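These numbers were taken from a predicted model, which means no experiment stands behind them.
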Amino acid sequence: METLDTVNESSGPTLPEEIYEAAKVIKVTDMLAEERPREKALKYGIESLTSAELFALILRTGVKGRPITDLCRDLMRANDGKILNLERRDRRELEMIDGLGPVKAQQVEAVMEIVRRYRRESLGRRITIRSSKDIYEMMSTEIANLPHEEFWLITLNRGNMVTGTKRCSEGGSTGTVFDVKKILKHCILLGAEGVIVCHNHPSGNLRPSGPDDAITRKMKEACTAVDIRMLDHLIITTEGYYSYADEGRL
């Protein structure tokens, strides 16, 4: 019996036409030239490509019945067209996109990691904190786009130069654990002269909650008791930040 692999143009497919067509692997090269990401980038520049087309250029090949451009459009559609949403996806969620699979999911993860590393590169030098904006620029790459809350500590020397950062706790989408004793012990062991604390709100809401206010008061009191300056407490999201110091609430 003739198989799909041995079908040629002269004999024609032995399977129903619609099944035969669906079984084909549709490649980017089968598309019109103006629809191919590579040709489009060469003609109009890489910046002319949509996010879906950029991923198509990276992932390169589609699956049976679906060109890579369609697959990548579905990938972006599943994330409302936003790279920020895509960055939050873990591998299991990525593999749920029809046709993505473990290899392509890993490639997408690699792209997201490159993005994160690019944003962190300027942090290789020692940073001096002069304003709440400096804190936000330093920490937003770490926690702004996380799908869960994390609480971080920044330690400073007498000149407000950053001497270290530490993730103190990790929670769910609506809260995290705060242990002032452990945080203060860490500050003392490092000989910190000043501290800043910050955490993210996955919801994007910048308004402090009651527990946020309580954490700020407790941390401020503890620092005062051991003669450590508390400079600020920031709430961080992808849209911006809330500073207790800027609002006169420290």
Side-chain angles (χ1 to χ4, degrees), residues 3-5 13 15-121 140-150 167 170-176 200-205 236-239:
T3 66
L4 185 61
D5 291 334
L15 298 175
E17 187 68 24
E18 62 272 16
I19 296 177
Y20 175 77
E21 290 299 324
K24 284 183 178 178
V25 176
I26 303 177
K27 301 177 181 177
V28 172
T29 52
D30 297 327
M31 302 167 62
L32 296 174
E34 60 268 24
E35 294 177 346
R36 301 174 197 164
R38 187 181 302 277
E39 281 76 0
K40 183 178 175 181
L42 288 172
K43 186 174 182 179
Y44 302 109
I46 198 74
E47 67 277 4
S48 69
L49 301 186
T50 65
S51 295
E53 288 170 334
L54 287 169
F55 273 109
L57 199 62
I58 294 166
L59 302 184
R60 298 182 60 192
T61 58
V63 295
K64 288 184 179 180
R66 301 182 68 207
I68 189 60
T69 47
D70 283 357
L71 194 156
C72 291
R73 286 191 196 104
D74 286 349
L75 173 67
M76 293 310 301
R77 240 191 318 264
N79 291 281
D80 296 325
K82 296 180 179 179
I83 300 292
L84 282 174
N85 290 344
L86 181 59
E87 187 186 19
R88 291 187 174 196
R89 305 300 180 199
D90 59 29
R91 189 175 303 179
R92 180 186 59 81
E93 291 173 314
L94 290 172
E95 290 179 13
M96 290 175 67
I97 304 296
D98 184 32
L100 206 59
V103 174
K104 285 183 169 55
Q106 189 178 54
Q107 288 175 307
V108 173
E109 283 186 313
V111 173
M112 294 297 97
E113 181 60 22
I114 288 171
V115 170
R116 284 188 286 269
R117 292 186 186 189
Y118 171 78
R119 293 189 306 216
R120 287 198 297 259
E121 276 188 353
S140 60
T141 57
E142 293 287 350
I143 65 175
N145 200 35
L146 293 176
H148 57 270
E149 279 199 15
E150 289 189 358
R167 179 171 56 191
E170 179 179 332
S173 60
T174 58
T176 186
N200 62 309
H201 278 182
S203 67
N205 182 10
I236 292 174
T237 75
T238 56
E239 301 301 317

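Looking at I58, I97, L86 one by one, the single match for side-chain contact (heavy atoms from CB on, under 4.5 Å) with V108 turns out to be L86.
For residues 91-101, the pairs satisfying salt bridge (charged side-chain N to carboxylate O under 4.0 Å, His left out) are R66-D98, R91-E109, with sequence neighbours left out.
With rounding to the nearest 0.5 angstrom, the OG atom of S48 is 7.0 Å from the CD atom of E53. With rounding to the nearest 0.5 angstrom, the CD atom of E149 is 11.5 Å from the CD1 atom of I236. Atom CD1 of I46 and atom NZ of K40 lie 10.5 Å apart (nearest 0.5 Å). For the atom pair CD of E47 and CG of L54, the computed distance is 10.0 Å after rounding to the nearest 0.5 Å. Rounded to the nearest 0.5 Å, atoms CD (E170) and CD1 (I143) are 11.5 Å apart. L94 contributes atom CG, which lies 11.0 Å from atom CD of Q106 (distance to the nearest 0.5 angstrom).
Under a 3.5 Å cut-off, the side chain of K104 and the backbone N or O of T61 do form a donor-acceptor pair. Formation of a donor-acceptor pair under 3.5 Å by the N205 side chain with backbone atoms of H201 is not found in this model. Side-chain atoms of N145 come within 3.5 Å of backbone N or O of L84 as a donor-acceptor pair. No donor-acceptor distance shorter than 3.5 angstrom exists from the side chain of N200 to the backbone of A144, with no hydrogens or angles considered.
No side-chain heavy atom of M76 sits under 4.5 Å from any side-chain heavy atom of T50. By the 4.5 Å heavy-atom criterion applied to side chains, T69 and C72 are not counted as neighbours. Within the 4.5 Å cutoff, no side-chain heavy atoms of R88 are placed close to those of L146. Proximity of I68 to R60: side-chain heavy atoms (C-beta onward) are nowhere separated by under 4.5 Å.
The pair R116-E87 meets the salt-bridge criterion, since a charged nitrogen lies less than 4.0 angstrom from a carboxylate oxygen.
Heavy atoms of other residues, nucleotides or ligands lying less than 6.0 angstrom from CD of E113 number more than 12.
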Exercise for review: Would you check, one step at a time, whether the test side chain to side chain contact (heavy atoms under 4.5 Å, CB included) holds for F55 with I83?
Suggested key: CA-CA 11 Å; F55 273 109; I83 300 292; 3.8 Å; yes
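Under the side chain to side chain contact (heavy atoms under 4.5 Å, CB included) criterion, A110 pairs with no residue, sequence neighbours left out.
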